[in-house]
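Reviewing the structure listed below.
Chain letters run A, B, ... following the sequence lines, proteins first and then strands; every chain starts at 1. Computed over heavy atoms, backbone and side chain alike; hydrogens, waters and symmetry mates excluded.
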Amino acid sequence: DAGVIQSPRHEVTEMGQEVTLRCKPISGHNSLFWYRQTMMRGLELLIYFNNNVPIDDSGMPEDRFSAKMPNASFSTLKIQPSEPRDSAVYFCASRPTNRGSLHFGNGTRLTVT
Amino acid sequence: AQSVSQHNHHVILSEAASLELGCNYSYGGTVNLFWYVQYPGQHLQLLLKYFSGDPLVKGIKGFEAEFIKSKFSFNLRKPSVQWSDTAEYFCAVHLNEKLTFGTGTRLTIIP
């Protein structure tokens with residue numbers, strides 16, 4: 001089991017650029033979550049999917065953020081345009097059932113200058 | 001709305017000291033509770049979880065947590081900490097398919 005795989009591990013970009021973060025959940029897991037971690041706000045749930053369908057995106061900060069899950073093995077989180085305040089570590093996590101524990105990826109550290 | 005409170009932001013202990021990290025949640029119904037650990041530069045890993053049954057839950061690396069429903073608490077404990085326990089610890093509550101995390105407690109163990 002390779003675990004949840006996120007790419008890239010680090011991303012440095014300039015303000016105004018588009019950023020795409022990628023996540024491959026553990027095979028067989030039917031729920032996928034995107035979290036953002038910052039010193040100021042801790043871990044924030046951005047959005048989660050059940051069976052590839054977005055269930056709750058109330059944590060997405062604004063329209064600049066969008067997430068997709070075109071199939072059970074892949075999800076993207078896109079920021080367009082990016083801003084310095086988007087700098088954070090973005091974690092993807094998946095779980096096998098609605099009550100199971102989350103398995104986290106290694107995260108993507110995003111720096112927007 | 002549910003919330004999770006971790007009142008200890010940073011705890012510093014010497015090796016072999018006993019540890020207790022507080023976690024309180026605000027929802028009054030049935031909840032599932034978790035503790036996760038994040039070692040420096042790494043992702044979150046599950047320490048232990050409570051779904052039902054024995055309110056004293058044992059996890060990995062000698063950690064345990066006690067669910068006290070009347071106090072809405074799920075405190076994490078370890079009788080004797082090690083330098084390798086230096087990490088950030090997150091309490092989380094699962095409700096309505098979502099996992100809500102506390103703000104975390106940074107634990108520093110001094111050799």
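The local environment of CD in A:Glu14 is sparse, with at most 12 non-hydrogen atoms from other residues, nucleotides or ligands closer than 6.0 Å. Residue A:Asp63 qualifies as open at atom CG: its count of foreign heavy atoms under 6.0 Å is 12 or below. Within 6.0 Å of CZ in B:Arg106 there are 12 or fewer heavy atoms belonging to other residues, nucleotides or ligands. For A:Arg64, the CZ atom sits in a packed shell: over 12 heavy atoms of surrounding residues, nucleotides or ligands are nearer than 6.0 Å.
Residues A:Gly105 and B:His43 share a closest heavy-atom pair of O-CB, 2.8 Å. Considering all non-hydrogen atoms of both residues, B:Gln42 and A:Phe91 come closest at O-CZ, 4.3 Å.
In this structure, the portion of A:Leu45 lying under 4.5 Å from any heavy atom of chain B is its side chain and not its backbone. If you measure heavy-atom distances from A:Arg95 to chain B, the contacts under 4.5 Å come from the side chain alone. Neither the backbone nor the side chain of A:Glu44 has a heavy atom closer than 4.5 Å to any heavy atom of chain B. Neither the backbone nor the side chain of B:Gln6 comes within contact range of chain A; no heavy atom of the residue lies under 4.5 Å from a heavy atom of that chain. Heavy atoms of B:Leu46 lying under 4.5 Å from chain A belong exclusively to its side chain.
A:Leu77 and A:Phe33 are members of different hydrophobic clusters when ILVMFWY side chains are connected at heavy-atom separations under 4.5 Å. Taken together through direct or relayed side-chain contacts under 4.5 Å among Ile, Leu, Val, Met, Phe, Trp and Tyr, A:Ile47 and A:Leu102 form parts of separate hydrophobic clusters. No path of Ile, Leu, Val, Met, Phe, Trp and Tyr side chains, each step under 4.5 Å between heavy atoms, connects A:Trp34 with A:Val53, placing them in separate hydrophobic clusters.
The CG atom of A:Leu43 sits 10.5 Å away from the OH atom of B:Tyr36 when rounded to the nearest 0.5 Å.
Taking 4.5 Å as the limit, every side-chain heavy atom of A:Tyr48 sits out of range of all side-chain heavy atoms of B:Leu99. Put simply, the side chain of A:Gln37 does not reach to within 4.5 Å of the side chain of B:Phe101, judged on heavy atoms.
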